[in-house]
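Counting from 1, the numbers follow the sequence of the chain as shown. Here the structure is a predicted model, which means the values were calculated and not measured.
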Amino acid sequence: REEESDARRVTVHVAGAVREPGVYRLDDGARLVDLVDKAGGAVSNARLDAVNLAEPVKDGSRVLIPAASENSGMEDDAWIEDRLDINRATEEDLQQVPGIGPALSERIVALRHSRGGYDCLDELLDVRGIGEVTLEQLRDHLVVEQLEAP
């Protein structure tokens, strides 16, 4: 019986701007809003507009709830609806995306600087550590907006 019950549950890690970050077990089919509630709710400076609270949580995933920073002028411009523009994102912004840690965010920004920007998401395949599978996972979270010349 217990094994049967476990089969209908997912284990998810939530970090960032929630009251009680950690690893939680939820019913299969739970949404991100359920995970935030289970973690004691969002803290006052949480940027809930930067995540899709209706998104189903996936077993074994890590979700980072971003917090607004004191000097968030450029960072706010990096978010387009619920996706992050890789041509404007800081390394810290990129680390809010599931699957991107400090080393990968550093390489994404370094390649962007060396090329003068990205023209499409497929160019992320040139970043060491990003292959086809990872790129497909990132497509739901990232976007490329062309910067217009003044």
Trainee: Within this structure, what is the NZ-CG distance for the pair Lys38 and Leu26, rounded to the nearest 0.5 Å?
Mentor: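 If we round to the nearest 0.5 Å, Lys38:NZ and Leu26:CG are 5.5 Å apart.
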
Trainee: Can you tell me if Asp93 uses its side chain to pair, donor with acceptor, with the backbone of Thr90 under 3.5 Å?
Mentor: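 Present.
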
Trainee: Taking atom CG of Leu111 and atom CD of Glu106, what is their separation to the nearest 0.5 Å?
Mentor: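 Result: 12.5 Å between the selected atoms.
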
Trainee: Is Asp28 reaching over with its side chain to a backbone N or O of Val10, donor-acceptor style, under 3.5 angstrom?
Mentor: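 No: the side chain of Asp28 does not pair with the backbone of Val10.
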
Trainee: What are the two closest heavy atoms between Val144 and Cys120, and how far apart are they?
Mentor: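 Nearest heavy atoms, Val144 then Cys120: CG2-C, 3.6 Å.
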
Trainee: Report yes if some heavy atom in the side chain of Ser61 is under 4.5 Å from a heavy atom in the side chain of His13; otherwise report no.
Mentor: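 No - every pair of side-chain heavy atoms lies 4.5 Å or more apart.
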
Trainee: Specify the closest pair of heavy atoms between His141 and Gln137, including all atoms of both residues, with the distance to one decimal.
Mentor: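 For His141 versus Gln137, the nearest heavy atoms are CD2-O, 3.4 Å.
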
Trainee: With side chain to side chain contact (heavy atoms under 4.5 Å, CB included) as the test, would you mind laying out the steps for Thr11 and Val23 before giving the verdict?
Mentor: CA-CA 7 Å; Thr11 303; Val23 176; 3.4 Å; yes

Trainee: So does Ala89 get a backbone contact from the side chain of Arg112, meaning a donor-acceptor N/O pair under 3.5 Å?
Mentor: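 Yes; at least one donor-acceptor contact below 3.5 Å.
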
Trainee: Looking only at heavy atoms, what is the nearest atom pair of Leu142 and Val97, with distance?
Mentor: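 Answer, listing the atom of Leu142 first, then Val97: CD2-CG2, 4.0 Å.
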
Trainee: Charged N to carboxylate O below 4.0 Å: is that the case for Arg107 and Asp126?
Mentor: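 Looking at Asp126 together with Arg107, the answer is no, because their closest N to O distance does not fall below 4.0 Å.
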
Trainee: Roughly how far apart are Glu145 CD and Asp85 CG, rounded to 0.5 Å?
Mentor: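 CG of Asp85 is found 5.5 Å from CD of Glu145.
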
Trainee: Is a salt bridge present between Asp27 and Arg8, judged by a nitrogen-to-oxygen distance below 4.0 Å?
Mentor: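 Salt bridge absent between Asp27 and Arg8.
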
Trainee: Assigning hydrophobic clusters by single linkage (Ile, Leu, Val, Met, Phe, Trp, Tyr; side-chain heavy-atom cutoff under 4.5 Å), is Tyr24 placed with Leu53?
Mentor: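 Same cluster: Tyr24 reaches Leu53 through Ile, Leu, Val, Met, Phe, Trp or Tyr contacts under 4.5 Å.
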
Trainee: Could you tell me whether the side chain of Asp140 reaches within less than 4.5 Å of the side chain of Asn52, counting heavy atoms only?
Mentor: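 No - every pair of side-chain heavy atoms lies 4.5 Å or more apart.
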
Trainee: Quick check on Glu136: does its CD atom have over 12 non-hydrogen neighbours (other residues, nucleotides or ligands) under 6.0 Å away?
Mentor: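 Check passes, neighbour count above 12.
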
Trainee: Is it true that Val18 and Leu64 fall in one hydrophobic cluster, defined by side-chain heavy atoms closer than 4.5 Å?
Mentor: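 No, Val18 and Leu64 fall in different hydrophobic clusters.
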
Trainee: Does the distance from a Lys or Arg side-chain N to an Asp or Glu carboxylate O, for Arg115 and Glu123, drop under 4.0 Å?
Mentor: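 Judged by the 4.0 Å cut-off on N to carboxylate O distance, Arg115 and Glu123 do form a salt bridge.
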
Trainee: Show the numbers, then the answer: is there a side chain to side chain contact (heavy atoms under 4.5 Å, CB included) between Val12 and Val63?
Mentor: CA-CA 8 Å; Val12 185; Val63 176; 4.1 Å; yes

Trainee: For the CD1 atom of Ile100 and the OG1 atom of Thr134, what is their distance to the nearest 0.5 Å?
Mentor: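 It is 9.5 Å, given to the nearest 0.5 Å.
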
Trainee: Kindly indicate whether the side chain of Val127, heavy atoms from C-beta on, has any atom under 4.5 Å from the side chain of Tyr118.
Mentor: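 Yes; the side chains approach each other to less than 4.5 Å.
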
Trainee: Less than 4.5 Å apart, any side-chain heavy atom of Ser105 and any of Gln95?
Mentor: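 Answer yes - side chains close enough.
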
Trainee: Does the side chain of Leu124 come within less than 4.5 Å of Ile108's, by heavy atoms?
Mentor: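 When only atoms from C-beta onward are counted, Leu124 and Ile108 do touch, with a gap below 4.5 Å.
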
Trainee: Can you check whether Val51 reaches Pro66 side chain to side chain, under 4.5 Å on heavy atoms?
Mentor: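 Of all side-chain heavy-atom pairs linking Pro66 with Val51, at least one is under 4.5 Å.
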
Trainee: Hey, which of Ile130, Val133, Ile86 is the one that makes side chain to side chain contact (heavy atoms under 4.5 Å, CB included) with Leu138?
Mentor: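 Only match with Leu138 under side chain to side chain contact (heavy atoms under 4.5 Å, CB included): Ile130.
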
Trainee: Would you say that Gln96 contacts Leu84 through its side chain, given a criterion of any heavy-atom pair below 4.5 Å between the two side chains?
Mentor: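 In short, these two side chains do not touch, never coming nearer than 4.5 Å.
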
Trainee: Any side-chain heavy-atom pair from Leu48 and Ile65 closer than 4.5 angstrom?
Mentor: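 Sidechains of Ile65 and Leu48: in contact.
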
Trainee: Please name the pair of heavy atoms, one in Ala39 and one in Val14, separated by the smallest distance, quoted to 0.1 Å.
Mentor: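 Shortest heavy-atom separation between Ala39 and Val14 comes out as CB-CG1, 3.8 Å.
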
Trainee: Taking all heavy atoms of Pro21 and all of Ala15, pick out the closest pair and write down the distance.
Mentor: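 Closest heavy-atom pair between Pro21 and Ala15: CB-CA, 4.1 Å.
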
Trainee: If you compare all heavy atoms of Leu121 against all heavy atoms of Arg139, which two are closest, and at what distance to 0.1 Å?
Mentor: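 Shortest heavy-atom separation between Leu121 and Arg139 comes out as CB-NH1, 3.9 Å.
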
